[in-house]
Student: 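Let me begin by handing over the structure; questions about it come next.
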Amino acid sequence: QLQLVESGGGLVQPGGSLRLSCAASGFTLDAYDIGWFHQAPGKERVGISCISRGGTKTNYVDSVKGRFTISRDNAKNTVYLQMNSLKPEDTAVYYCAASTSTLCNTLARYAYNYWGQGTQVTVSS
């Protein structure tokens with residue numbers, strides 16, 4: 001069964017760093033574009049970053065530019081989100097999602113086909 005599993009979330013102080021992983025099982029990620037999304041309490045799930053299947057294109061929403069870095073290792077069937085200079089407003093459940101068609105041209109939820117279950121990130125003193 002096709003599955004995406006996020007890991008690496010936890011509690012971190014403001015200004016700290018965290019590295020999230022998105023591991024695929026049941027399929028290989030090399031034919032998929034990957035997006036990272038987050039959902040804060042009471043808010044909608046929104047896209048924050050994506051990476052194309054070959055890793056040649058990346059995009060970031062303005063709120064995370066310069067702080068977050070998306071990368072992928074297709075040999076490990078894993079995509080990463082390095083999160084630096086974390087802020088309390090980054091607190092959310094973080095999801096990865098795979099797309100067969102976006103080529104990292106959109107972060108709209110409807111364009112992503114497969115979703116993980118999410119990992120909690122809490123930024124607090």
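Model, not experiment: these values are computed from the prediction.
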Student: Hey, could you give me the OG/CG distance between S52 and N105, rounded to the nearest 0.5 Å?
Tutor: 9.0 Å
Student: Would you say CD of Q117 has more than 12 non-hydrogen atoms from neighbouring residues, nucleotides or ligands within 6.0 angstrom?
Tutor: no
Student: Does any part of the side chain of L86, heavy atoms only, come nearer than 4.5 Å to the side chain of L18, both counted from C-beta?
Tutor: yes
Student: What is the ring orientation for W115 with F37, classed by angle as parallel under 30°, tilted 30 to 60°, or perpendicular over 60°?
Tutor: tilted
Student: Is there a side-chain contact between T119 and S7 in this structure, where contact means two heavy atoms from C-beta onward sitting under 4.5 Å apart?
Tutor: no
Student: Could you check whether any side-chain heavy atom of S124 comes within less than 4.5 Å of a side-chain heavy atom of L11, counting everything from C-beta outward?
Tutor: yes
Student: List the atom of Y95, the atom of G116, and the distance in Å for their closest heavy-atom pair.
Tutor: CD2-O, 3.6 Å
Student: Could you pull out the closest heavy-atom pair between S71 and V79, with the gap in Å?
Tutor: O-CG1, 3.2 Å
Student: Report the distance from atom CD1 of I70 to atom SG of C96, rounding to the nearest 0.5 Å.
Tutor: 9.0 Å
Student: Out of curiosity, N113 CG to S99 OG, how far, rounded to the nearest 0.5 Å?
Tutor: 5.0 Å
Student: For the residue pair A111 and S101, what are the closest heavy atoms and their distance?
Tutor: O-OG, 4.4 Å
Student: If only atom types and distance count, is the side chain of R109 paired as donor or acceptor with the main-chain N or O of R45 below 3.5 Å?
Tutor: yes
Student: So N74 and Y32, side-chain contact (heavy atoms from CB on, under 4.5 Å) or not? Walk me through it.
Tutor: CA-CA 10 Å; N74 286 341; Y32 295 84; over 6 Å; no
Student: Tell me if the centroids of the rings in F68 and W36 come within less than 6.0 Å of each other.
Tutor: no
Student: Do Y94 and M83 have side chains that get closer than 4.5 Å, going by heavy atoms?
Tutor: yes
Student: Same hydrophobic cluster for V121 and V64, using side-chain heavy-atom links shorter than 4.5 Å among ILVMFWY?
Tutor: yes
Student: At their closest point, which heavy atom of C50 faces which heavy atom of L107, and how far apart are they?
Tutor: CB-CD2, 3.7 Å
Student: Can we say K65 and D62 salt-bridge, meaning some charged N sits less than 4.0 Å from an Asp/Glu carboxylate O?
Tutor: yes
Student: Please say whether more than 12 non-hydrogen atoms of neighbouring residues, nucleotides or ligands are located less than 6.0 Å from NZ in K57.
Tutor: yes
Student: Find the distance between CG (L20) and CD (E6) and round it off to the nearest 0.5 Å.
Tutor: 8.5 Å
Student: Does any non-hydrogen side-chain atom of K87 lie less than 4.5 Å from one of R67?
Tutor: yes
Student: Answer yes when D30 and R72 have at least one side-chain N-carboxylate O distance shorter than 4.0 Å, and no when they do not.
Tutor: no
Student: Identify the heavy atoms of S85 and D90 that sit nearest to each other, and give their distance.
Tutor: O-OD2, 4.4 Å
Student: Rounded at 0.5 Å granularity, tell me how far CD1 in I48 sits from CG in L81.
Tutor: 5.0 Å
Student: Just wondering, more than 12 heavy atoms not from E44 lying within 6.0 Å of its CD?
Tutor: no
Student: Can you tell me if S49 uses its side chain to pair, donor with acceptor, with the backbone of Y60 under 3.5 Å?
Tutor: no
Student: Any non-hydrogen side-chain atom of I34 less than 4.5 Å from a side-chain atom of R53?
Tutor: no
Student: Enter the distance from L29:CG to N77:CG here, rounded to the nearest 0.5 Å.
Tutor: 4.5 Å
Student: Quick one: side chain to side chain donor-acceptor pair (under 3.5 Å) partners of T69, sequence neighbours excluded?
Tutor: none
Student: Any side-chain donor-acceptor pair under 3.5 Å between D73 and T78?
Tutor: no
Student: Identify the heavy atoms of N84 and S17 that sit nearest to each other, and give their distance.
Tutor: OD1-OG, 2.9 Å
